[in-house]
Amino acid sequence: NYSPEPDQQRKLPPGWVSLGRVDPEEELSLTFALRQQNLKRLSELVQAVSDPSSPRYGKYLALEEVAELIRPSPLTLHTVQKWLVAAGARNCHSVTTQDFLTCWLRVRQAELLLPGTEFHRYVGGPEVSRVVRSLHPYQLPQALAPHVDFVGGLHRFPPTSSLRQRPRSQVAGTVG
Amino acid sequence: LHLGVTPSVIRKRYNLTAQDVGSGTTNNSQACAQFLEQYFHNSDLAEFMRLFGGSFVHQASVSHVVGKQGRGRAGIEASLDVEYLMSAGANISTWVYSNPGRHEAQEPFLQWLLLLSNESALPHVHTVSYGDDEDSLSSAYMQRVNTEFMKAAARGLTLLFASGDSGAGCWSVSGRHQFRPSFPASSPYVTTVGGTSFRNPFQVTNEIVDFISGGGFSNVFPKPSYQEEAVAQFLKSSPRLPPSSYFNASGRAYPDVAALSDGYWVVSNRIPIPWVSGTSASTPVFGGILSLINEHRILNGQPPLGFLNPRLYQQHGAGLFDVTHGCHESCLNEELQGEGFCSGPGWDPVTGWGTPNFPVLLKTLLN
């Protein structure tokens, strides 16, 4: 096995509390970021369409053309789908570029699929949201290393707003 | 004299006349996205425009809301984004991406990226108020999200991200303080927007740095070629550089531009709220002005602006008011006394190239 995101922070953000382990029979949806192709070519194209001195400036690609360029290889698509179906994933849906796959699994299936995960329900944040996350590092079979960039829905909590109300007196003191 | 930032203060400062509005005859469009699980209510926008929109032609409702909206309380951020995007980019079709009600195991920002990869027809300009410390995110995640921004740039979408509200940021790495860059602000494939204040908070004057304005150098992404010259110039000429141990001078430097981020009036849950501050406010203002420029480009038969940075740096910030006074916050220690980078002539890591002077920026970007 290997850890796709060993450096992802996995601590509970301030103001969030755990409501305990999620029922193993509950269903959750996870998003798999599949490895893309031709990224160097994509970078060159971005440079070409964004540089005013380039003859190709402003000649943008359609979504379908971007998809044609970067879609995962057939091997990646086949390997990931086989792995997910074998684990009991269902109701998977992809996007036009085919480089994201969102599937539904039972919690017990997800915890088997991603060794190390332990799903808890948390509540918190400015909007008192509820999320299901795992604060334990997850692993993937080594065979998936060339095919999956990361799995979304495990570690990252919704962001909090950084807007502030600053009455004038406070600002005046600060401007100096 | 004014008692805080309203659309007419914004339009006056950035030289938008009553004629500088969308024509209503093109396929031009703009969008704002926030991931705070906040609701947005059209009734707040209508009330806001009733109070503050009298001097310019505007739309009083959004064209498209992505994400279920409920009867719950509206959030200030969701209200602010729309109200100022539609005040600067007035009379232009506007989408709102505000996604409460998603499944508990999903990541809101990731769901927005999936939307970008699944919709052929999207607005040209997207303003996004979201950011996390680079050090809290995995490199696999940041590299992949960066690729998603490349995909958007190849399609000619303009993505504007708030630079953050903690100045240079600060954290301790093996006992030593360092600045704390923010992502996606540090992605080389987005345009990052910092914040300014009026020199006199009650008058429309020239602008100085808003001390919260996020800015600095990425520890993950190398400096893109389009900004090498501008950043080298800053590092060579700035009279008040923090010690080099606090930042990675070879990283992608941000922000790229700025706008007012201090003392906004917002209407949320039908209540006018004063003194709201943050780069979440400056970002939709700058985005709305780019939408106006797209309007003229489309009417001229030209393509929308797309990924702006290469052109912005090539033109050395022409069409922007250069902000040269003030510094943003950073580490509160003996060495820095809370002061991070300071603004200066030309590009700087506090306000980028500066704030929009619409008629001059329009002329520059129509060429």
Side-chain angles (χ1 to χ4, degrees), chain A residues 4-9 28-31 33 36 39 42-43 45-47 49-53 58-64 66-67 70 95-97 99-100 102 119 121 125-127 129-133 149-150 152-153 155-156 158-168 171-172 174-175, chain B residues 35-38 75-77 80 100 103-110 113-114 117-120 130-132 135-141 143-144 147 150-151 153-156 164-166 189 197 199 201-202 208 211 262-263 273-278 280-281 302-303 306-307 309-311 314:
Chain A
E5 298 187 87
D7 49 346
Q8 170 65 44
Q9 178 176 284
L28 52 75
S29 97
L30 294 175
T31 300
Q36 300 145 320
L39 296 187
L42 176 65
S43 165
L45 278 170
V46 169
Q47 180 68 30
V49 302
S50 311
D51 179 348
S53 52
K59 294 183 174 57
Y60 303 123
L61 281 69
L63 175 60
E64 292 67 24
V66 172
I70 57 92
V95 292
T96 306
T97 48
D99 49 4
F100 286 107
T102 300
F119 288 100
R121 177 166 280 108
E127 307 304 321
S129 316
R130 285 171 162 246
V131 295
V132 168
R133 291 293 186 274
D149 285 336
F150 70 88
H155 298 327
R156 282 169 289 274
T160 53
S161 173
S162 54
L163 280 178
R164 309 177 216 190
Q165 265 201 298
R166 282 187 304 189
R168 285 306 88 174
V171 170
T174 315
V175 159
Chain B
F35 310 105
L36 300 167
E37 323 276 75
Q38 292 187 357
I76 281 195
E77 186 126 3
L80 169 111
H103 183 268
E104 293 171 318
Q106 286 174 333
E107 296 180 32
F109 178 64
L110 194 54
L113 291 175
L114 268 71
S117 274
N118 216 26
E119 294 277 346
S120 299
Y130 158 65
D132 265 320
D135 56 271
S136 72
L137 299 169
S138 68
S139 49
Y141 172 80
Q143 294 297 341
R144 176 55 188 263
T147 301
M150 283 166 64
K151 288 159 64 178
R155 295 167 64 191
D165 297 335
S166 311
Y189 289 100
S197 303
R199 180 183 293 278
F202 300 107
I208 60 174
F211 66 94
D262 183 21
I273 301 164
W275 309 134
V276 177
S277 299
S280 305
Q302 293 168 290
F307 175 45
N309 289 9
R311 179 163 194 167
Q314 254 183 50

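Residue numbers begin at 1 in each chain, while the letters A, B, ... track the order of the sequences.
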Enquirer: With rounding to the nearest 0.5 angstrom, report the OG1 to CG distance, A:Thr97 to B:Leu113.
Expert: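 Result: 10.5 Å between the selected atoms.
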Enquirer: Using heavy-atom distances under 4.5 Å, tell me whether A:Pro4 contacts chain B through its side chain, its backbone, both, or neither.
Expert: backbone
Enquirer: Kindly indicate whether the side chain of B:Arg144, heavy atoms from C-beta on, has any atom under 4.5 Å from the side chain of A:Phe100.
Expert: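 In short, these two side chains touch, coming nearer than 4.5 Å.
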Enquirer: Are B:Glu119 and A:Leu63 side-chain neighbours, meaning at least one heavy-atom pair lies under 4.5 Å?
Expert: no
Enquirer: Taking atom CD of A:Gln47 and atom CE of B:Met150, what is their separation to the nearest 0.5 Å?
Expert: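 Taking CD in A:Gln47 and CE in B:Met150, the distance rounds to 10.5 Å.
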Enquirer: Considering non-hydrogen atoms only, spot the tightest contact between A:Glu64 and B:Ser120 and give its length.
Expert: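 Nearest pair, atom of A:Glu64 first, then B:Ser120: OE2-OG, 2.8 Å.
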Enquirer: Which value, rounded to the nearest 0.5 Å, describes the distance between A:Leu28 atom CG and B:Gln106 atom CD?
Expert: 10.0 Å
Enquirer: Name the region of B:Glu77, side chain, backbone, both or neither, that has any atom closer than 4.5 Å to a heavy atom of chain A.
Expert: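 Both parts, backbone and side chain.
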Enquirer: Below 4.5 Å, heavy atoms only, C-beta onward: do A:Asp149 and B:Gln143 meet side chain to side chain?
Expert: no
Enquirer: Is a side-chain N or O of B:Glu107 found less than 3.5 angstrom from the main chain of A:Gly153, in a donor-acceptor match?
Expert: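 Here the side-chain-to-backbone pair exists.
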Enquirer: Could you have a look at B:Gly306, B:Pro310, B:Ser136 and say which one has the most heavy-atom pairs with chain A under 4.5 angstrom?
Expert: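 The answer is B:Ser136.
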Enquirer: Could you report the tightest heavy-atom contact between B:Ala153 and A:Tyr60, atom names first, then the distance?
Expert: O-CD2, 4.2 Å
Enquirer: If you round to the nearest 0.5 Å, how far is CG of B:Leu137 from CZ of A:Phe150?
Expert: 10.0 Å
Enquirer: Which atoms of B:Phe109 are under 4.5 Å from chain A, going by heavy atoms: the side chain, the backbone, both sets, or neither?
Expert: neither
Enquirer: Under a 4.5 Å cutoff for heavy-atom pairs, which residue among B:Gly75, B:Pro303, B:Ala154, B:Gly278 has the most contacts with chain A?
Expert: B:Ala154
Enquirer: For each of A:Ser29, A:Pro6, A:Gly152, A:Gly58, tally heavy-atom pairs with chain B at distances under 4.5 Å, and name the one with the top tally.
Expert: A:Ser29
Enquirer: Heavy-atom distance under 4.5 Å to chain A: side chain of B:Phe307, backbone, both or neither?
Expert: both
Enquirer: Keeping B:Asn118 on the side-chain end and A:Thr96 on the backbone end, is there a donor-acceptor pair under 3.5 Å?
Expert: yes
Enquirer: If I measure from the heavy atoms of chain A, does B:Asp132 come under 4.5 Å with its side chain, its backbone, both, or neither?
Expert: neither
Enquirer: Which one, B:Leu110, B:Ile273, B:Ile76, leads in non-hydrogen pairs under 4.5 Å with chain A?
Expert: B:Leu110
Enquirer: Quick one: does NZ or CZ of A:Arg156 land under 6.0 Å from the six-membered ring centre of B:Tyr141, within 45 degrees of the ring axis?
Expert: yes
Enquirer: Looking at B:Ala140 and A:Glu5, what are the two nearest heavy atoms and their distance?
Expert: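 Closest approach of B:Ala140 to A:Glu5, heavy atoms only: CB-CG, 4.4 Å.
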Enquirer: For the CG atom of A:Leu39 and the OG1 atom of B:Thr147, what is their distance to the nearest 0.5 Å?
Expert: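 So the CG of A:Leu39 and the OG1 of B:Thr147 are separated by 5.0 Å.
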Enquirer: Can you tell me if A:Asp7 uses its side chain to pair, donor with acceptor, with the backbone of B:Ser139 under 3.5 Å?
Expert: yes
Enquirer: Which one of B:Pro274, B:Ser117, B:Gly156 has the most heavy-atom pairs closer than 4.5 Å to chain A?
Expert: B:Ser117
Enquirer: Can you tell me which portion of A:Leu45 sits under 4.5 Å from chain B's heavy atoms? Options are side chain, backbone, both or neither.
Expert: neither
